[in-house]
Student: 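Sharing a structure with you now.
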Amino acid sequence: MNRSYRQQLKQRIWQSVRGGSVLASVLQLGLFTASVTARADEGLDRETESVVARVGGDIEYLASDELGGRGVGTEGIEIAANFIRDEFQRLGLAPGGENGTYFQEFPIEGLGTLRDDETWAVIVGADGAETKLVAGTDYQPQMLGGPGPIEAEMVFAGYGITSAEFEYDDYEGLDCQGKFVVVIRREPQQNDADSPFDGLETSAYATIRNKLATASLHGAAGIILVNDQPSTQTAGGDFLATPELFGTSADGIPFVHMSQAAFGKILAAHPLQAGDGTELKTLAEVEAAIDANLQTINGPLGGTKIRYQMAVDTVMTNNVIAVIEGEGPLADETIIVGAHYDHLGMGGFGSRTPDRTEVHNGADDNATGTAAVLELARRFANSDKKPARRIVFIAFSGEERGLVGSAHYVAHPSIPLGNIVAMVNFDMIGWLRNDALTIYGAASGSSFSEVIEAASGDTGLDLKPIDSGFAGSDHLPFVSKEIPALFLHTGLTDTYHTPDDDFETINVEGAVRVIDYSENLLWELANLEERPTFQAARPREPRRRLAYLGARINFSEDVKGLLVDEVTEDSPAAAAGLQTGDIVLAIGERELKTREDLIAALREGNTGDTVTIKIMRDGEEQSLEATYGRAPRGQ
């Protein structure tokens, strides 16, 4: 959606719904109010243009910079929660939260700000001398690690890597049982194209979670991370990670990010030794010695200890819940309609661009799903008939922190779980392409297949029912309680979990079509004669690893074959001469028309196999020869 249309949309919404005096108040508050329908008792405008304006207004407001990315624990998410509550209340829906309110409050442990008076790190020398480290300068506590308190000896473990694959082990011969291990960030030879650690690519061994897991496996009681030299040169300084950057789980061993200067003082006093006996008194010398021949360097640090404790405030947040009662003999049975309204705030943990400290507006993820819940609530509130079953609308918080809000709800339901017959979840419905709507969990309820088909009507959508569920959204806690659940989704995008997931990228008209279909779906579920029974997902057969070519395909283009969107540099596809804009017609004997065809072709291949790729380029068919390679880790 371009900016011109966005402004026209906002102007139409304001002029046709709010009126001058209310608009003036809204502008004075600096907020674009997206609660754009007429009052419930005045009916609901169902003209397509009005619906698009209404839903687009919801999405635009929730994804506006004013809400700051709706990160849990921020003012922006509280504004969003109040907005959702006010809309439920305006529609006349009954509150479904605690104590007669629309809110169900719950904690997210270890996510708030550090409590400075209860957080410290002290270096204790072998002679008992103590040096208190300065938070933010000498060290930074990491919320991904346990809080302590702990006092333990420090030992050095190189890059903290154990790899049988490369016959490399930074822990070889090192006693780190019950000790704090100091490790260097990233990996050896990272600027060497011939490095066994995937050359210039970052291998899985460099990840923070791999280092934490490896330290734990070797019996370490805590881990201290120190930046590597190449990273500080690239970044322009020895910057410490913010406490929540790597995550906020306090289940693991204590985790401290220490400055090179602070560790350098310890290393200067207690040098390490290279294989030839050379003393290494600086981190740069240690890294150079390891890089020279991948000779691991580790050892004690003169009996130096660290005493550490971290304390973090607990953040409280809310699910927002409203109810429309059913009518008739099935009225005590319930359908849950849900979507999460939280996102990533300014980025950090969860962001796919952790180096960009910018507002992550989360327009698709999940302002679109939240807008669907609001619009469906309006439609049912304005209906001249009652559903046969109760419908409970829930905007979940804490999804981005691990489905915390939906897990809390199933643990503390406002409706007995035995009365919940189905759950419908919306997460990322803003990129409808080729009319394709994926519906996960189609086999989780005994009558879901028939309901999904019956609801299609004249929507024109190409429904893609998938029998099993899909990890990572708020239907999963319900499925864990054997409640049938459907998850509606228009697919992942390149903007997912980045600052680029903005309102301008959203296909509002497509989202409205998904909502139109969902309205049909909910009426079908609400009025089923027999409640669907839960069906466990069939276990998946183990899948072969896909062969690697290194080309990204644009599946949204309507072409005969598959359009190449991008060719990865130095990949097998690049070596074969594949180019952006080529249309791949076949790999080997398999014709390619769909994503499934491509997956099947890659699953048939192995690293080192040579295949013929038939393409269309500039209107002419050509054949290329490609040899499958080894995919970079993480792809």
Student: Please check if atom CD in Glu118 has more than 12 non-hydrogen atoms from other residues, nucleotides or ligands closer than 6.0 Å.
Tutor: yes

Student: Assess, by modelled atom type and distance only, whether the side chains of His340 and Ser397 contain a donor and an acceptor separated by less than 3.5 Å.
Tutor: no

Student: Do Thr278 and Gln273 pair up side chain to side chain, a donor and an acceptor below 3.5 Å, judged on atom types alone?
Tutor: no

Student: Does any N or O in the side chain of Asn361 come within less than 3.5 Å of the main-chain N or O of Ala363, such that one atom is a donor and the other an acceptor?
Tutor: no

Student: Cut-off 3.5 Å, side chains only: do Glu151 and Tyr308 have a donor facing an acceptor?
Tutor: no

Student: Quick one, Thr242 with Gln140, criterion side chain to side chain donor-acceptor pair (under 3.5 Å). Give me CA distance, side-chain angles, the key distance, then yes/no.
Tutor: CA-CA 7 Å; Thr242 57; Gln140 194 70 273; over 6 Å; no

Student: Tell me the closest heavy-atom pair linking Gly68 and Val359, and the distance in Å.
Tutor: C-CG1, 3.7 Å

Student: Between the side chains of His497 and Glu400, is a donor N or O closer than 3.5 angstrom to an acceptor N or O?
Tutor: yes

Student: Are any non-hydrogen side-chain atoms of Phe263 and Leu301 less than 4.5 angstrom apart?
Tutor: yes

Student: I want to check something: taking the side chain as every heavy atom from C-beta on, are Ile553 and Leu563 in contact at a cut-off of under 4.5 Å?
Tutor: no

Student: Verify side chain to side chain donor-acceptor pair (under 3.5 Å) between Ser473 and Asp427, making sure each step is shown before the conclusion.
Tutor: CA-CA 7 Å; Ser473 195; Asp427 198 345; 2.8 Å; yes

Student: Which label fits His218 and Tyr171: parallel for a plane angle under 30°, tilted from 30 to 60°, or perpendicular past 60°?
Tutor: parallel

Student: Identify the two heavy atoms, one from Ala586 and one from Leu592, that lie closest to each other, and give their separation to 0.1 Å.
Tutor: CA-CG, 4.0 Å

Student: Going by atom types alone, do Ser231 and Arg186 pair a side-chain donor with an acceptor below 3.5 Å?
Tutor: yes

Student: Is a side-chain donor or acceptor of Asn298 paired with a backbone partner of Glu172 at a separation under 3.5 angstrom?
Tutor: yes

Student: Check for a donor-acceptor pair, side chain of Asp238 on one end and backbone N or O of Thr232 on the other, with a separation under 3.5 Å.
Tutor: no

Student: For Glu591, does the CD atom sit with more than 12 other heavy atoms under 6.0 Å from it, leaving out its own atoms?
Tutor: no

Student: Are Gln309 and Thr119 close enough that a side-chain donor and a side-chain acceptor fall under 3.5 Å?
Tutor: no

Student: Donor-acceptor check, side chain of Asp609 to backbone of Asn606, threshold 3.5 angstrom: yes or no?
Tutor: yes

Student: Using side chain to side chain donor-acceptor pair (under 3.5 Å), reason through Asn425 and Asp474 one step at a time and then give a plain yes or no.
Tutor: CA-CA 7 Å; Asn425 181 39; Asp474 287 310; 5.5 Å; no

Student: Show the nearest heavy-atom pair for residues Ala204 and Asn210, with the distance to one decimal.
Tutor: O-CB, 3.5 Å

Student: Using the ring of each side chain (for Trp, its six-membered ring), is Tyr440 parallel, tilted or perpendicular to His489, with breaks at 30° and 60°?
Tutor: tilted

Student: When you measure from the side chain of Lys211 to the backbone of Ile161, do you find a donor-acceptor pair of N or O atoms at a distance under 3.5 Å?
Tutor: no

Student: Output yes when a side-chain donor or acceptor of Gln190 lies under 3.5 Å from a complementary backbone atom of Ser195, and no otherwise.
Tutor: no

Student: Take a 6.0 Å sphere around CD of Glu130 and say whether it holds more than 12 heavy atoms from other residues, nucleotides or ligands.
Tutor: yes

Student: Any donor and acceptor pair, going by atom type alone, linking the side chain of Asp597 with main-chain N or O of Thr594 inside 3.5 Å?
Tutor: yes

Student: Indicate the ring-plane relationship of His475 and Phe487, choosing parallel, tilted or perpendicular according to the 30° and 60° boundaries.
Tutor: parallel

Student: Could you go through Met154 and Ile266, starting from their C-alpha distance and side-chain angles, then the distance that decides it, and tell me whether this counts as side-chain contact (heavy atoms from CB on, under 4.5 Å)?
Tutor: CA-CA 10 Å; Met154 296 168 59; Ile266 298 171; 3.7 Å; yes

Student: Could you tell me whether the side chain of Lys614 and the main chain of Glu589 form a donor-acceptor pair under 3.5 Å?
Tutor: no

Student: Looking only at side chains, do Tyr168 and Ser163 share a donor and an acceptor under 3.5 Å apart?
Tutor: no

Student: Please tell me if the side chains of Met258 and Leu225 come closer than 4.5 Å, counting only heavy atoms from C-beta onward.
Tutor: no

Student: Between NZ of Lys179 and CZ of Phe156, what distance do you get to the nearest 0.5 Å?
Tutor: 15.5 Å

Student: Tell me if a side-chain donor or acceptor on Arg115 pairs with a main-chain N or O of Val312 at a distance below 3.5 Å.
Tutor: yes

Student: Assess, by modelled atom type and distance only, whether the side chains of Thr610 and Thr627 contain a donor and an acceptor separated by less than 3.5 Å.
Tutor: yes

Student: Using atom types as modelled and distance alone, determine if a side-chain donor or acceptor of Asp138 lies under 3.5 Å from a backbone N or O of Ala262.
Tutor: no

Student: Do Leu280 and Pro271 have side-chain heavy atoms sitting under 4.5 Å apart?
Tutor: no

Student: Could you check whether any side-chain heavy atom of Thr296 comes within less than 4.5 Å of a side-chain heavy atom of Asp169, counting everything from C-beta outward?
Tutor: no

Student: Before giving the answer on side chain to side chain donor-acceptor pair (under 3.5 Å), spell out for Asp500 and His360 the whole-Å C-alpha distance, their side-chain angles and the decisive distance to 0.1 Å.
Tutor: CA-CA 7 Å; Asp500 303 318; His360 287 54; over 6 Å; no

Student: Search all heavy atoms of Ala626 against all heavy atoms of Ala576 and return the closest pair with its distance.
Tutor: CB-CB, 3.7 Å

Student: If you measure from the Lys or Arg side-chain nitrogens to the Asp or Glu carboxylate oxygens, is any gap between Arg185 and Asp228 under 4.0 Å?
Tutor: no

Student: According to salt bridge (charged side-chain N to carboxylate O under 4.0 Å, His left out), who are the partners of Arg352, at least two apart in sequence or on a separate chain?
Tutor: none

